[in-house]
Amino acid sequence: MAIDIKSPKEVEAMRAACQMAADTLLLVGETLRAGMTTEEINTLVHEDTLKKGGRPAPLNYRGFPKSVCTSINDVVCHGIPGPQVLKDGDIINVDITTIYGGFYGDTSATFYIGTPSAAARKVTEVARKSLELGIAEVREGARLGDIGAAIQEYVEGQGCSVVRDFVGHGIGRRFHEDPQVKHYGRRGSGDRLKTGMTFTIEPMVNLGRFEVAIDPDDKWTVTTVDGSLSAQFEHTVVVTKTGVEVLTKRPKPLRLSENVATIFA
Ligand code: MF3
Ligand code: CO
Ligand code: CO
């Protein structure tokens, strides 16, 4: 299927939805603490989204039962909020998708609960940097494969691995549109980027091997097969005349994630 090109007006509407999601992610960072349950994160995201006039996209999406994905430690993505209690040393990815004004905004980050292990810091910071490097490839005329290659080269150079089974995606009036945005691949391959394309980049990075498995009981929770830690960051971006705009860019650093100086002190 062809890749949808958004008009400037549509990009403006996307920006509003994306900034709403980004603001809820900031609130999550302000609220997270050891002792909290992932159900409480779900309630926070759900209520904040409604308060802002948006809708939480995950709820009932293909049967997903909650309003946000919460993925702890060896959970790669699509963790379902519930009674699990956050404990010192955990890393948790919170993935927020908001529908507002007819458009979707999708963004996630991995947070440190208490004091992280060296392994937790490693996988989280490699994932964070890999997203930055992927975004840096985005410009009119670049190829999708350039994004994947930049991410894969860096992550594997750091001795970590890139998840293959889940990818970034076009986004707009629908949650998941064409194209698929792989976080691995070859430079110069894949579709050419054009101004007005909107998609996510959301590398899932494992400390060990890249293979993952889906929980056979809940059919959602994705974990690393080798039990190693996994981290992820996600932004929604638009290709612009001059390069790229990160539509889910935050106006300030995320508590418990981007303020690493205080976390690692
Ligand atoms: N937000 C996820 C993504 O980045 C998708 C979650 S689907 C859900 O694409 F159903 F689990 F919410
Ligand atoms: Co996404
Ligand atoms: Co997401």
Side-chain angles (χ1 to χ4, degrees), residues 3-4 14 17-26 28-29 38-39 41-46 48-49 54-72 75-82 84 92-100 103-111 127-128 130-131 134-135 138 144 147-148 151 162-183 197-205 212-215 217-223 230-238 246-250 254 257:
I3 302 171
D4 188 47
M14 288 273 306
C18 286
Q19 284 296 303
M20 195 175 278
D23 192 67
T24 302
L25 193 62
L26 279 170
V28 167
T38 51
E39 181 71 48
I41 300 170
N42 184 69
T43 301
L44 179 75
V45 169
H46 185 88
D48 187 62
T49 303
R55 279 195 296 136
L59 186 60
N60 301 322
Y61 176 76
R62 299 180 178 218
F64 192 78
K66 296 287 179 175
S67 298
V68 64
C69 297
T70 53
S71 302
I72 298 175
V75 178
V76 173
C77 63
H78 302 168
I80 303 173
Q84 188 174 356
I92 179 172
N93 174 278
V94 179
D95 190 342
I96 294 174
T97 313
T98 302
I99 311 169
Y100 179 68
F103 287 88
Y104 288 73
D106 193 4
T107 186
S108 85
T110 298
F111 298 91
R128 186 197 314 278
S130 78
L131 172 56
I135 292 171
V138 178
L144 277 175
I147 299 171
I151 292 169
V162 175
V163 170
R164 308 290 201 270
D165 292 3
F166 297 88
V167 297
H169 49 93
I171 182 168
R173 293 184 189 275
R174 288 165 298 154
F175 201 158
H176 297 103
E177 303 182 347
D178 278 349
Q180 287 198 15
V181 181
K182 296 184 173 71
H183 306 111
M197 285 183 181
T198 51
F199 54 85
T200 73
I201 308 176
E202 49 181 300
M204 283 142 272
V205 173
V212 302
I214 301 178
D215 188 298
D217 299 318
D218 71 25
K219 308 274 202 296
W220 280 104
T221 309
V222 178
T223 53
S230 187
Q232 181 183 24
F233 291 83
E234 175 176 25
H235 275 306
T236 299
V237 306
V238 58
V246 179
L247 294 170
T248 46
K249 187 178 164 68
R250 295 172 286 275
L254 275 177
S257 187

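Whatever order the structure lists ligands and atoms in, that order sets their numbers, starting from 1.
- Remark: distances from the non-hydrogen atoms of Asp95 to ligand 1 include one below 4.0 Å.
- For the side-chain contact (heavy atoms from CB on, under 4.5 Å) with Glu234, the qualifying choice from Thr200, Leu25, Ile201 is Thr200, the only one to do so.
- Backbone or side-chain N, O or S atoms of His169 reach the Co ion (ligand 2) at under 2.8 Å.
- Side-chain contact, His183 with Glu202: no donor N or O sits under 3.5 Å from an acceptor N or O.
- Applying the 6.0 Å contact sphere to CZ of Arg55 captures no more than 12 heavy atoms from other residues, nucleotides or ligands.
- Not a single heavy atom of Lys66 sits under 4.0 Å from any atom of ligand 1.
- The part of Asp106 lying near ligand 1 is the side chain, judged by heavy-atom distances below 4.0 Å.
- Residue contacts with ligand 1 do not include Phe166, since none of its heavy atoms lies under 4.0 Å from the ligand.
- With a 4.0 Å cut-off on non-hydrogen atoms, Pro58 touches ligand 1 through its backbone as well as its side chain.
- Distances from ligand 1 to the non-hydrogen atoms of Arg62 include no value under 4.0 Å.
- At least one N, O or S atom of Glu234 sits under 2.8 Å from the Co ion (ligand 3).
- Taking the six-membered ring for Trp and the full ring otherwise, the centers of Tyr61 and His176 sit less than 6.0 Å from each other.
- Summary: OD2 is the N/O/S atom of Asp106 found nearest to the Co ion (ligand 2).
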